[in-house]
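As the structure is a computational prediction, the values presented were derived from the model and not from experiment.
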Amino acid sequence: MLNKTPFRFFTKGEIKPEGWLRRQLRIQAQGLSGNLDKVWPDVRDSRWIGGERDGWERVPYWLDGFIPLAYLLEDEDLIARARRYIDGILDRQAEDGWLCPCSIDERRSYDLWSGILIAKVLALYADLSGDERIEEALYRFFQNMWEFTRHTTIHNWASLRWFETLIPLYWLYERREEEWMMRLAKRLQEQGYDFERLFAPYCDQKPERIWTYSTHVVNLAMAIKQGALVTRMEGGDPEAFAHRMLKELFQYHGMAVGHFTGDECVMGDSPVQGSELCSVVEAMYSYEQLLSISGNPVWGDYLERLAFNALPATCSADMWTHQYDQQTNQIRCTRLPEDHVVFGTNGPESHLFGLEPNFGCCTANFNQGWPKFALSTFMASDEGIVSAALAPASVRTMIGGQAVCCRLDTEYPFRNTLCYTVTADAPTEFELKLRIPSCAVSATVDGQPAQPGSFYSIKRVWSGETKVEVVLQFACRLAERPREMKCLWRGPLLYSVAIKERWEMLEYIRADVERKFPYCDYELYPESAWNYGFTADESFKVSERPIGSYPFSGEEPPVEIEAMLAPVDWPEEYGIAAIEPRSRKAQGEASAVRMIPYGCARLRMTEMPTVE
């Protein structure tokens, strides 16, 4: 028997993105994510659908974001294209249940990670589409895995990510409660890597330029939810491991943006070390799972820090290009000299914006970020509806046999007000839980005080249309960073010096893959000063403008801050800003400098000292 979760994800079209969030999803559909099956051979010509290209993780990764994107936008063209891939995968399922595109002779050496991933994708597709074929296909797949793992242990990536299997396996178990499925879960746990042991105690405090599975940033981002998933079958505290793990990672490898470095493996707390885009979206997914399994609003805070900052910062505003690695202090994105690559085990092009800089996993995987965030805006509880991740969206569902709708109109995180409209066709009693983010210094719900970092519950009989207004108070604050540096936060947004950017297009062919506008590569050059420090004058001036066509545009950000900064002697070293300035003495008079949200800035200075 599985332990119930406090919150559950809505399915089958109950959630609708609204406002700027819907616009962001449409940008994604019009950009790289929505066109990979047309322009990228590894998806277009994949072995998963009978082609000759990649037959491992890339199509499953892409579908993991493309499917919810299609259904959230209710776009018939996207839905049809997703169905084409699902049909192709199901049509090629072997008689014995094996799903992955390889021969019988290749099975023992095949890394089953892609099978785990496609099982997650199929469960998600069933939830959103209602496709009745999926349950039987997954039943046969897991029966095959039950027999396969009797004589062949999972290995490589599958071993490090075994717990991801629990998500679709639990999905199936809740529909067919058969004891062997929980025995399979235990067997995978026995064969897989135990990240809890890795952090008891944690020994990877010091970064090394050595590639290992256990320090790989994406494995770690996925593993945040390992303990929570296991407690569903074993019991215990679903949050204990995640809190312990993150405490260590943030202490030794933390970034100002609320994530941890990994380029490709954890690399300390320097603001010029990067973090892989895959790790951002996988950490987001881990926080979404933790929020559902634990019911603790803190995981919504973790989720929003990445969704509103780290995720948009590493994609172009039109989402046609992305980076492999993002840096906190990123003053230039040009190819690095081979003998001066700052990244731990990644290549000299890892921070360029393009089709598949450094490696193609992020090209396929990054597109799960926004759609799964949108699916987390509202969750269901036994008592009613939970507003979990704050963004404009609505949910329509049945409670007590009555149709109920809850809509959130907001420009959060760029603004501080949230307006909920609850509509009930007939008098219906249920609880509406509103997450009050911890980034607010104070908050009110319909004029009544609400505690930041908690849920505010309204339990009543709802009838007709009712509005609930939440007002959050934000304040500018300088957060401490290593090396006596600081970074500027206001509410849920981190701010960076706005560096004027010059984008230079690179069109070429490499390994039979064409880079061609709009899916080409770019180098970015700075055309304004970046070598600043904060001053004692903390009279930050906030300015707002309407949200434009691109919510995370650097040219027209929805909000910006004017800060008094002073120039310092801060050298550039081989295309990268030095870790810290040579001197913290002001090199000139302080002046008002424009700072914009980190998520709007592709070139940026974020961690800076206070000048002498």
Fill in: Tyr85 six-ring centre to Arg81 NZ/CZ under 6.0 Å and within 45° of normal
no

Worksheet item: Are there more than 12 heavy atoms of other residues, nucleotides or ligands under 6.0 Å from atom CD of Glu132?
Response: no

Worksheet item: Between Arg415 and Glu544, does at least one N-O distance fall below 4.0 Å, as a salt bridge requires?
Response: yes

Discussion item. Closer than 3.5 angstrom, by distance alone: can the side chain of Arg232 be matched with the main-chain N or O of Ala228 as a donor-acceptor pair?
Written reply: no

Item to complete: Find out whether Ser376 and Met379 are in side-chain contact, i.e. whether some heavy atom of one side chain is under 4.5 Å from a heavy atom of the other.
Response: yes

Worksheet item: What's the verdict on side-chain hydrogen bond (donor to acceptor under 3.5 Å, both in side chains) for Thr314 and Gln323, showing C-alpha distance, side-chain angles and the deciding distance?
Response: CA-CA 5 Å; Thr314 194; Gln323 295 176 291; 3.3 Å; yes

Fill in: Ring-face cation of Arg490 near Tyr495 (centre distance under 6.0 Å, axis angle within 45°)
no

Worksheet item: Would Tyr202 and Phe199 count as a close aromatic pair, with their ring centres under 6.0 Å?
Response: yes

Fill in: Note, Leu117 side chain near Arg161 side chain (heavy atom, < 4.5 Å)
no

Response to the item:
Those residues at least two apart in sequence (or on a different chain) that pass salt bridge (Lys or Arg N to Asp or Glu O under 4.0 Å) with Glu136 are Arg176

Practice prompt. Can you sort out the partners of Glu196 under salt bridge (Lys or Arg N to Asp or Glu O under 4.0 Å), two or more places apart, ordered by chain and number?
Written response: Arg244

Worksheet item: Relative to each other, are the rings of Phe250 and Phe260 parallel, tilted or perpendicular (30° and 60° limits)?
Response: tilted

Worksheet entry | Qualifying residue for ring pair (Phe, Tyr, Trp, His ring centres under 6.0 Å) with Phe7, from Trp299, Phe455, Phe378 | Phe455

Discussion item. Centroid separation under 6.0 Å, is that true for the rings of Tyr287 and Phe373?
Written reply: no

Worksheet item: Under 4.0 Å between a Lys/Arg side-chain N and an Asp/Glu carboxylate O for Lys225 and Glu288?
Response: no

Discussion item. For a 4.5 angstrom cut-off between non-hydrogen side-chain atoms, does Phe241 reach Thr231?
Written reply: no

Worksheet item: So how far is it from Leu166 CG to Lys120 NZ, rounded to the nearest 0.5 Å?
Response: 11.0 Å

Discussion item. Quick check on Lys12: does its NZ atom have over 12 non-hydrogen neighbours (other residues, nucleotides or ligands) under 6.0 Å away?
Written reply: yes

Which donor-acceptor pairs under 3.5 Å do the side chains of residues 389-411 make with protein atoms, sequence neighbours left out?
{"from": "Ser394", "atom 1": "OG", "to": "Glu18", "atom 2": "OE2", "distance (Å)": "2.9"}
{"from": "Thr397", "atom 1": "OG1", "to": "Glu14", "atom 2": "OE2", "distance (Å)": "3.3"}
{"from": "Arg407", "atom 1": "NE", "to": "Asp409", "atom 2": "OD1", "distance (Å)": "2.8"}
{"from": "Arg407", "atom 1": "NE", "to": "Asp409", "atom 2": "OD2", "distance (Å)": "3.3"}
{"from": "Arg407", "atom 1": "NH1", "to": "Glu18", "atom 2": "OE1", "distance (Å)": "3.4"}
{"from": "Arg407", "atom 1": "NH1", "to": "Glu18", "atom 2": "OE2", "distance (Å)": "3.4"}
{"from": "Arg407", "atom 1": "NH2", "to": "Asp409", "atom 2": "OD1", "distance (Å)": "3.2"}
{"from": "Thr410", "atom 1": "OG1", "to": "Tyr412", "atom 2": "N", "distance (Å)": "2.9"}
{"from": "Thr410", "atom 1": "OG1", "to": "Thr417", "atom 2": "O", "distance (Å)": "2.7"}

Worksheet entry | Ion pair Glu383/Lys433, N-O distance below 4.0 Å | no

Discussion item. For a salt bridge (charged side-chain N to carboxylate O under 4.0 Å, His left out) check, start with the C-alpha distance between Lys186 and Glu234, then their side-chain angles and the critical distance, and finish with the verdict.
Written reply: CA-CA 10 Å; Lys186 294 297 292 183; Glu234 292 185 351; 2.6 Å; yes

Discussion item. Distance alone, cut at 3.5 Å: any donor-acceptor contact between the side chains of Gln289 and Tyr285?
Written reply: yes

Worksheet entry | From Phe552 atom CZ to Ser316 atom OG, the distance as rounded to the nearest 0.5 Å | 13.5 Å

Practice prompt. Taking only Lys NZ, Arg NE, NH1 and NH2, and the carboxylate oxygens of Asp or Glu, determine whether Asp131 and Arg83 approach each other closer than 4.0 Å.
Written response: no

Item to complete: Evaluate the side-chain hydrogen bond (donor to acceptor under 3.5 Å, both in side chains) criterion for residues Gln473 and Ser442: first the C-alpha distance (whole Å), next the side-chain angles of each, then the deciding distance (0.1 Å), finally the verdict.
Response: CA-CA 5 Å; Gln473 296 300 323; Ser442 64; 5.4 Å; no

Discussion item. In this structure, is the centre-to-centre distance between the rings of Tyr420 and Trp462 below 6.0 Å?
Written reply: no

Worksheet entry | Working for salt bridge (charged side-chain N to carboxylate O under 4.0 Å, His left out), residues Arg435 and Asp301 | CA-CA 9 Å; Arg435 200 185 116 254; Asp301 296 326; 2.9 Å; yes

